[in-house]
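Labels below follow one simple rule: chain letters A, B, ... track the order of the sequence lines, proteins then strands, and each chain is numbered from 1.
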Number of protein chains: 2
Amino acid sequence: MRLSTKGRYAVTAMLDLALNGQDGPVTLSDISENQGISLSYLEQLFAALRARKLVRGVRGPGGGYFLGRPADEISIADIICAVDEWVEFTRCRGKEDCRGGQRCLTHSLWDDLSRQIYDFLTDITLADLVARGLEKEQTCQGKKDSATLESRAA
Amino acid sequence: MRLSTKGRYAVTAMLDLALNGQDGPVTLSDISENQGISLSYLEQLFAALRARKLVRGVRGPGGGYFLGRPADEISIADIICAVDEWVEFTRCRGKEDCRGGQRCLTHSLWDDLSRQIYDFLTDITLADLVARGLEKEQTCQGKKDSATLESRAA
DNA sequence: CTATTAACTGAGTAATTTACTCGGTAATTA
DNA sequence: TAATTACCGAGTAAATTACTCAGTTAATAG
């Protein structure tokens with residue numbers, strides 16, 4: 001498993017689709033502006049997402065992107081794996097011999113952990129995130145009553 | 001949260017200490033050989049780990065590294081945060097205004113997820129990993145049902 | 001006391017990944 | 001037909017990863 005800013009970009013972009021894709025397709029330009037990512041980089045990310053059928057593109061004016069499946073059928077792990085090209089699972093299985101046993105043991109422990117994280121993220125869908133977020137009704141600036149999570153330092 | 005090969009190196013190295021640090025300190029040379037990482041790179045990683053008191057160094061012949069605390073008091077999140085310099089939490093809180101609300105919402109959803117992953121990894125200690133690994137008694141090559149996990153190297 | 005060991009430190013750099021720029025083509029709509 | 005937007009690929013700047021090298025301290029063994 002791997003968790004980088006690239007994966008974050010992909011997840012937030014997909015969230016953007018989940019939130020705004022109800023009425024019509026969302027353009028990459030919109031996402032680019034919303035998320036502060038360059039258009040070309042988004043195109044690269046969406047090429048990977050499209051290859052995994054996580055999004056569907058519509059050309060022409062009024063076009064843009066839709067989610068490829070309902071939001072409750074897209075897990076965070078799906079998204080991250082799509083852009084981060086994760087495999088690299090037990091690398092000492094083939095080329096690296098593990099005669100010593102020690103190296104092999106630590107690697108298999110890591111793979112075990114990696115698998116746990118993967119399973120964890122497989123159980124969380126885009127829909128889950130959106131639902132959990134809406135239920136809190138937290139907008140960044142909002143901060144109504146007692147909470148005051150971060151009070152205007154500057 | 002961030003999960004890179006750098007974090008993996010740190011975790012497997014710490015696992016190495018947890019597994020071999022019983023009798024005496026473990027040298028970076030040993031770890032370097034076990035894990036296939038260069039000595040200098042390990043020194044960099046251990047500088048960060050030492051700064052967070054996750055390891056304790058002993059100089060001179062017969063020296064090496066110990067865990068800074070018992071293995072059941074060191075979480076995976078501790079290790080990863082030490083080397084990956086993670087902070088970057090809700091980046092739209094200060095400099096980026098979130099008038100649109102859209103960008104802000106996706107970011108806060110991401111931060112929410114990031115927090116979940118962090119909590120998940122905070123609950124897993126080095127000792128947990130080792131215990132879980134031993135209980136499975138999985139060696140990479142061996143896979144014979146009887147023991148074999150410590151097969152005499154040095 | 002001397003030599004060796006191994007932790008520490010820091011500057012410099014190759015390799016890789018991230019993120020972007022640019023210049024296009026293909027499909028769709030008005 | 002013209003505008004729009006997905007789609008495509010080569011080239012590159014910036015950042016991070018991972019390493020080499022060249023030392024210095026501290027502790028131990030002889």
(request) Let me know, please, whether B/Val26 or A/Ser4 comes out on the 5' side of the other along DNA chain C by nearest nucleotide. (result)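 On the 5' side of the pair lies B/Val26.
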(message) My understanding is that only residues two or more places apart in sequence, or in another chain, count here; which of them pass side-chain contact (heavy atoms from CB on, under 4.5 Å) with B/Asp119?
(response)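 Applying side-chain contact (heavy atoms from CB on, under 4.5 Å) to B/Asp119 gives B/Arg115.
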(request) List for me each residue that meets side-chain contact (heavy atoms from CB on, under 4.5 Å) alongside A/Glu33, sequence neighbours excluded, and say none if there are none. (result)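 A/Glu33 satisfies side-chain contact (heavy atoms from CB on, under 4.5 Å) with no other residue.
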(message) Between A/Thr5 and C/dA19, is there a contact of a side-chain N or O with OP1 or OP2 at under 4.0 Å?
(response)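 Answer is yes, contact under 4.0 Å.
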(request) Output yes when at least one side-chain N/O atom of B/Arg2 is less than 4.0 Å from OP1 or OP2 of D/dT17, else no. (result)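 B/Arg2 to D/dT17 OP1/OP2: side-chain N or O found under 4.0 Å.
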(message) Can a donor-acceptor pair be found, under 3.5 Å and without considering hydrogens, that links the side chain of A/Asp111 to the backbone of A/Ser108?
(response)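 Side chain of A/Asp111 to backbone of A/Ser108: no pair is present.
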(request) Would you check if the side chain of A/Asp128 reaches a backbone N or O of A/Thr125 as a donor-acceptor pair within less than 3.5 Å? (result) yes
(message) Quick check for you: to the nearest 0.5 Å, what is the distance between A/Leu105 atom CG and B/Thr12 atom OG1?
(response)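 Nearest 0.5 Å value for the CG-OG1 distance: 11.0 Å.
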(message) Using 0.5 Å steps for rounding, measure from the CG atom of B/Asp123 to the OH atom of B/Tyr118.
(response) 10.5 Å
(request) Could you tell me which residues satisfy side chain to side chain donor-acceptor pair (under 3.5 Å) with A/Ser4, sequence neighbours excluded, listed by chain and number? (result) A/Asp84
Can you tell me the distance, in whole Å, between the [atom1] atom of [X] and the [atom2] atom of [N]?
X	N	atom1	atom2	answer
B/Leu49	C/dA7	CG	C1'	14 Å
B/Leu45	C/dA7	CG	C1'	15 Å
B/Asp84	D/dA15	CG	P	18 Å
B/Phe66	C/dA7	CZ	C1'	13 Å
B/Leu3	D/dT17	CG	C1'	15 Å
A/Lys6	C/dT18	NZ	P	5 Å
B/Gln35	D/dA18	CD	C1'	15 Å
B/Asp30	C/dA6	CG	C1'	11 Å

(request) May I ask you to test the B/Gln35-B/Leu42 pair for a side-chain heavy-atom distance under 4.5 Å? (result)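 Counting from C-beta outward, B/Gln35 and B/Leu42 never come under 4.5 Å.
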Please set out all donor-acceptor pairs under 3.5 angstrom arising from side-chain atoms of residues 64-77 of chain A, sequence neighbours excluded.
| from | atom 1 | to | atom 2 | distance (Å) |
| --- | --- | --- | --- | --- |
| A/Arg69 | NE | A/Glu73 | O | 3.0 |
| A/Arg69 | NH2 | A/Glu73 | O | 3.1 |
| A/Arg69 | NH2 | A/Asp78 | OD2 | 3.1 |
| A/Ser75 | OG | A/Ala77 | N | 3.4 |
| A/Ser75 | OG | A/Asp78 | N | 3.0 |
| A/Ser75 | OG | A/Asp78 | OD1 | 3.4 |
| A/Ser75 | OG | A/Asp78 | OD2 | 3.2 |

(message) Walk along nucleotides 20-30 of chain C from 5' to 3' and tag each nucleotide B, S or - by protein heavy-atom contact under 4.0 Å, base first, then sugar-phosphate.
(response) BBB---BBBB-
(message) Please pick, from D/dA6, D/dT17, D/dC7, the nucleotide with the shortest atom-to-atom distance to any side-chain atom of A/Arg50.
(response) D/dC7
(request) Would you mind reading off the bend of the helix from C/dC1-D/dG30 to C/dA30-D/dT1 from its two end axes, five pairs each, to 10 degrees? (result)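 It comes to 10° between the two terminal axes.
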(message) Students often get this wrong, so: under 4.0 angstrom with heavy atoms, is B/Tyr65 touching a base, only sugar-phosphate, or nothing?
(response)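 If one applies the 4.0 Å heavy-atom cut-off, B/Tyr65 turns out to touch the sugar-phosphate alone, with no base involved.
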